[in-house]
Amino acid sequence: MEKIQMHTPLVEMNGDEMTRVIWKAIKDELLAPFVALNTVYFDLGLAERERTKDQITVEAANAAREYGVAVKCATITPNAQRMEEYKLTEMWKSPNGTIRSIMDGTVFRAPIMVDGISPVVKNWKEPITIARHAYGDVYRATEYRVPGPGKAELLFTGDDGASFRQTIYDFECAGVLQGQYNKDSSIVSFAHACFQYAADTRQDLWFSTKDTISKQYDHTFKDIFQEIYEKEYRARFAELGITYFYTLIDDAVARVIRSKGGFIWACKNYDGDVMSDMVSTAFGSLAMMTSVLVSPDGKYEFEAAHGTVTRHYYRYLEGEQPSTNPMATIFAWSGALKKRGELDGNAPLVRFGEKLEQASIATIAAGIMTKDMAGLWEKEEPARAVETVQFLKEIRARLETLLGE
């Protein structure tokens, strides 16, 4: 079979630990035999980030902006333990956070649904996509441990010399203080990314904050979304037969649980962080969750929604062949290849990405899966739990059949 050609490179960002091992196995078993891979390669493993003082991450993010499509392996965000383990000179920031900031992107996460594994919420029949604003809020907050009695104030001094000052709290004892922020420009980008993604995928868009309590901060999000929708998207949504819906976050949670799924739920940064884990767990696991970062100007970065599977990596180093679920990483590659093909008008590459996803889902539907999924299996015929490499080989066999058709 002649390999499928790629007209334009996509940006490839390698990662850490067990997912790095799986990354190579996926390329060797499922990609390189069928596609003449054309990538601009960046090693975002922690050792390379240390060597380059994290400039490699910045270069990778800028390359993603240049080429328009990127695929990323899971990476370590170091803590104190990791600093000692990897002999780091600095506790380098999350690569995902750096990339999201440079690309000004919004994260969309959706579950991979398969026959034989039902969501915990029985009425969920279609995937729920979480759109997470990936900027500011608590993740960029300034914090202070108040040592004792004293006055905490919020002070803003404008470039024109005007100022705003208001007492936050008169502390009568020790406590804790936190100041967080966001920017209109980032919220505007978030809104455009959500509306455009909803239109592209023809799904209803829900958005939720707590504007009744946060009458300036959260209300600004609500107002910007509504203004952009009215000016630029209402007519388009009507043509497509989809809707935009705003409600409070607590009401949204209740509505989501009662729903059948099949929509995009846009959330602020922290809400999206928490709700994506809730949705992924209810649908199966984080290893069955797709994740794509979308910039307002149409740049894409596909990645797995989970971490580097440290526990399995240590077992792998001891000589074991772990049963680690590679589905989210496979779908990161298939998503990136489909998007590259779509942007380039390369129909064979788009079809390959589609067939890869079909083969992966069909393998689980046939009762062959990694151990994490076997415990969720519902069909009468028992599931066959296999190691990661064997699982990839099973997918390849089905992929070859599909491509032959």
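Values below: every heavy atom of this structure, side chains too, minus hydrogens, waters and symmetry copies.
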Q: Find out whether the Lys NZ or Arg CZ of Lys339 is both under 6.0 angstrom from the six-membered ring centre of Phe302 and within 45° of the ring's axis.
A: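 So Lys339 doesn't make the cation-pi contact.
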Q: How about Tyr246 and Tyr229: are their ring centres within less than 6.0 Å of each other?
A: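 No, they do not, as the ring centres are separated by 6.0 Å or more.
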Q: Walk me through it: do Tyr181 and Tyr217 pass the test ring-ring contact (aromatic ring centres under 6.0 Å, His included)?
A: CA-CA 8 Å; Tyr181 74 94; Tyr217 199 103; 8.7 Å; no
Q: Does Lys222 come within less than 4.0 Å of Asp218, counting only side-chain N to carboxylate O?
A: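 Salt bridge absent between Lys222 and Asp218.
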Q: Of the options Thr247, Val256, Ile128, which is the one that meets Trp206 in a side-chain contact (heavy atoms from CB on, under 4.5 Å)?
A: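 Running side-chain contact (heavy atoms from CB on, under 4.5 Å) over Thr247, Val256, Ile128 with Trp206 returns exactly one hit, Val256.
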Q: Go through Phe108 and Tyr197 one step at a time and tell me if the ring-ring contact (aromatic ring centres under 6.0 Å, His included) criterion holds.
A: CA-CA 9 Å; Phe108 295 89; Tyr197 196 80; 4.0 Å; yes
Q: Between Tyr244 and Phe195, is a ring-ring contact (aromatic ring centres under 6.0 Å, His included) present by the stated rule, with each step listed?
A: CA-CA 8 Å; Tyr244 168 61; Phe195 289 125; 5.1 Å; yes
Q: Under a plain distance cut-off of 3.5 Å, with no hydrogens placed, do Gln321 and Thr388 share a side-chain donor-acceptor pair?
A: no
Q: Have a look at Ile395 and tell me which of Ile361, Ile368, Leu30 forms a side-chain contact (heavy atoms from CB on, under 4.5 Å) with it.
A: Leu30
Q: Between Arg51 and Asp43, does any side-chain N to carboxylate O distance fall below 4.0 Å?
A: no
Q: Report yes or no: is the cationic atom of Arg132 (NZ for Lys, CZ for Arg) closer than 6.0 Å to the six-membered ring centre of Tyr139, at no more than 45° off its axis?
A: yes
Q: Does Pro322 offer a backbone N or O that forms a donor-acceptor pair with the side chain of Glu387 under 3.5 Å?
A: no
Q: Go through the steps for Glu90 and Arg49 under the test salt bridge (charged side-chain N to carboxylate O under 4.0 Å, His left out), then give the verdict.
A: CA-CA 10 Å; Glu90 189 173 327; Arg49 280 182 276 150; over 6 Å; no
Q: So do the side chains of Ile99 and Leu293 get within less than 4.5 Å of each other, counting heavy atoms only?
A: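 Yes; the side chains approach each other to less than 4.5 Å.
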Q: Could you check, using the six-membered ring where one of them is a Trp, whether Trp124 and Phe283 have ring centers closer than 6.0 angstrom?
A: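 When the ring centroids of Trp124 and Phe283 are compared, they turn out to be within the sub-6.0 Å range.
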Q: I need the minimum non-hydrogen distance between Arg236 and Asp200, along with the two atoms involved.
A: NH2-OD1, 3.8 Å
Q: Between Leu392 and Pro326, what is the shortest heavy-atom contact and its length?
A: CD2-CG, 3.9 Å
Q: Kindly say whether Asp273 contributes a backbone atom to a donor-acceptor pair with the side chain of Ser276 at under 3.5 angstrom?
A: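 Here the side-chain-to-backbone pair exists.
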Q: Determine the minimum heavy-atom distance between Ile242 and Ala198, stating which atoms define it.
A: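 Ile242 and Ala198 have their closest heavy atoms at CD1-O, 3.7 Å.
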Q: Just by distance, no angles: are the side chains of Thr363 and Arg396 close enough, under 3.5 Å, to form a donor-acceptor pair?
A: no
Q: Looking only at the aromatic ring of each residue, does the gap between the centers of Phe207 and Phe225 stay below 6.0 angstrom?
A: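 Ring centroids of Phe225 and Phe207 are less than 6.0 Å from each other.
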Q: Determine all donor-acceptor pairs shorter than 3.5 Å in which one atom belongs to a side chain in residues 350-359; sequence neighbours excluded.
A:
unit_1 : atom_1 : unit_2 : atom_2 : d
Glu357 : OE1    : Lys338 : NZ     : 3.1
Glu357 : OE2    : Ser334 : OG     : 2.7
Glu357 : OE2    : Lys338 : NZ     : 3.2

Q: So, Ser208 versus Trp265: side-chain donor-acceptor pair below 3.5 Å or not?
A: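 Their side chains do contain a donor-acceptor pair, which is all the 3.5 Å distance test asks for.
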Q: Tell me whether Asn14 contacts the main-chain N or O of Gly45 through its side chain, where contact means a donor paired with an acceptor under 3.5 Å.
A: no
Q: Can a donor-acceptor pair be found between the side chains of Asp372 and Asn325 at a distance below 3.5 Å?
A: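 A pair is found: one side chain offers a donor N or O, the other an acceptor, under 3.5 Å apart.
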Q: Whether the side chain of Glu29 engages the backbone of Val389 through a donor-acceptor N/O pair (distance < 3.5 Å, no angle test) should be reported.
A: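 Checking the backbone N and O of Val389 against the side chain of Glu29, no donor-acceptor pair under 3.5 Å is found.
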Q: Tell me, do Val71 and Met13 make a side-chain contact under 4.5 Å, heavy atoms counted?
A: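 A side-chain contact under 4.5 Å is absent here.
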Q: Does any N or O in the side chain of Ser94 come within less than 3.5 Å of the main-chain N or O of Asn96, such that one atom is a donor and the other an acceptor?
A: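 A pair under 3.5 Å: yes.
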Q: Less than 4.0 angstrom from a charged side-chain N to a carboxylate O is my criterion; do Lys215 and Asp211 meet it?
A: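 Between Asp211 and Lys215 there is no salt bridge, as every charged N stays at least 4.0 Å from the carboxylate O atoms.
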Q: Mind checking the CD1-CG spacing from Ile4 to Asn38? Nearest 0.5 Å is all I need.
A: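 Atom-to-atom, Ile4:CD1 and Asn38:CG are 13.5 Å apart.
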Q: What's the separation between atom CG in Leu399 and atom OG in Ser360, rounded to the nearest 0.5 Å?
A: 8.0 Å
Q: For Leu155, is there any backbone N or O sitting under 3.5 Å from a side-chain donor or acceptor partner on Gln166?
A: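 No, because the side chain of Gln166 does not come within donor-acceptor range (under 3.5 Å) of the backbone of Leu155.
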Q: Identify the heavy atoms of His192 and Pro296 that sit nearest to each other, and give their distance.
A: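 Heavy atoms only, the tightest pair is CB-CB, 4.4 Å.
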Q: Any non-hydrogen side-chain atom of Met288 less than 4.5 Å from a side-chain atom of Ile364?
A: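 Sidechains of Ile364 and Met288: in contact.
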Q: Applying side chain to side chain donor-acceptor pair (under 3.5 Å) as the test, list every pair that has at least one member in residues 57-66; sequence neighbours left out.
A: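 Matches after skipping sequence neighbours: Asp54-Thr57.
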Q: Please tell me if the side chains of Met373 and Met327 come closer than 4.5 Å, counting only heavy atoms from C-beta onward.
A: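 Met373 does not reach Met327 side chain to side chain.
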Q: Any ion pair linking Lys72 and Glu301 (charged N to carboxylate O, less than 4.0 Å)?
A: no
Q: State whether a side-chain donor-acceptor pair under 3.5 Å links Thr142 with Gln178.
A: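 Judged by distance alone, the side chains do not pair up.
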Q: For the backbone of Leu46 and the side chain of Asp16, can you confirm whether one donor and one acceptor N or O come within less than 3.5 Å of each other?
A: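 Checking the backbone N and O of Leu46 against the side chain of Asp16, a donor-acceptor pair under 3.5 Å is found.
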Q: Taking NZ, NE, NH1 and NH2 as the nitrogens, is one of them in Asp204 or Lys260 under 4.0 Å from a carboxylate oxygen of the other?
A: no
Q: When you compare the side chain of Gln5 with that of Val35, does any pair of heavy atoms fall below 4.5 Å?
A: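 A side-chain contact is absent here, since even the closest heavy-atom pair is not under 4.5 Å.
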Q: Please check if the side chain of Ser291 supplies one atom and the backbone of Ala304 the other of a donor-acceptor pair under 3.5 Å.
A: no
Q: Do Phe221 and Lys210 have side-chain heavy atoms sitting under 4.5 Å apart?
A: no
Q: Work out which heavy atom in Met103 is nearest to a heavy atom in Ala61; give both atom names and the distance.
A: CG-O, 4.2 Å
Q: Quick one: which of Met18, Arg20, Glu318 gives a side-chain contact (heavy atoms from CB on, under 4.5 Å) with Tyr313?
A: Met18
Q: For Phe263 and Phe245, what are the C-alpha separation, side-chain angles and deciding distance, and is it a ring-ring contact (aromatic ring centres under 6.0 Å, His included)?
A: CA-CA 11 Å; Phe263 54 87; Phe245 170 70; 9.3 Å; no
Q: I'd like to know if the side chain of Ser189 and the backbone of Ser185 have a donor-acceptor N/O pair within less than 3.5 Å.
A: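 Yes.
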Q: Check whether Ser259 reaches the backbone of Gly261 with its side chain - one donor and one acceptor, N or O, closer than 3.5 Å.
A: yes
Q: Is it true that Glu17 and Tyr316 share a donor-acceptor pair across their side chains at a distance under 3.5 Å?
A: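 There is no such pair (donor and acceptor under 3.5 Å, judged by atom type) between the side chains of Tyr316 and Glu17.
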Q: Can you confirm whether Val176 sits close enough to Tyr144 that some side-chain heavy atom of one is under 4.5 Å from a side-chain heavy atom of the other?
A: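 Not touching, per the 4.5 Å side-chain cut-off.
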Q: Is there a donor-acceptor contact under 3.5 Å linking the side chains of Ser101 and Arg140?
A: yes
Q: Do you know the tightest heavy-atom contact between Cys194 and Ala131?
A: SG-CB, 3.9 Å
Q: Between Lys299 and Asp104, is there a side-chain N and carboxylate O pair less than 4.0 Å apart?
A: no
Q: Decide yes or no for Leu349 and Met6: does some side-chain heavy atom of the first lie under 4.5 Å from some side-chain heavy atom of the second?
A: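 The answer is yes, as the side chains (C-beta and beyond) meet within the 4.5 Å cut-off.
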Q: Might you work through the side chain to side chain contact (heavy atoms under 4.5 Å, CB included) test for Thr324 and Ile22, ending with a clear yes or no?
A: CA-CA 8 Å; Thr324 308; Ile22 293 172; 3.5 Å; yes
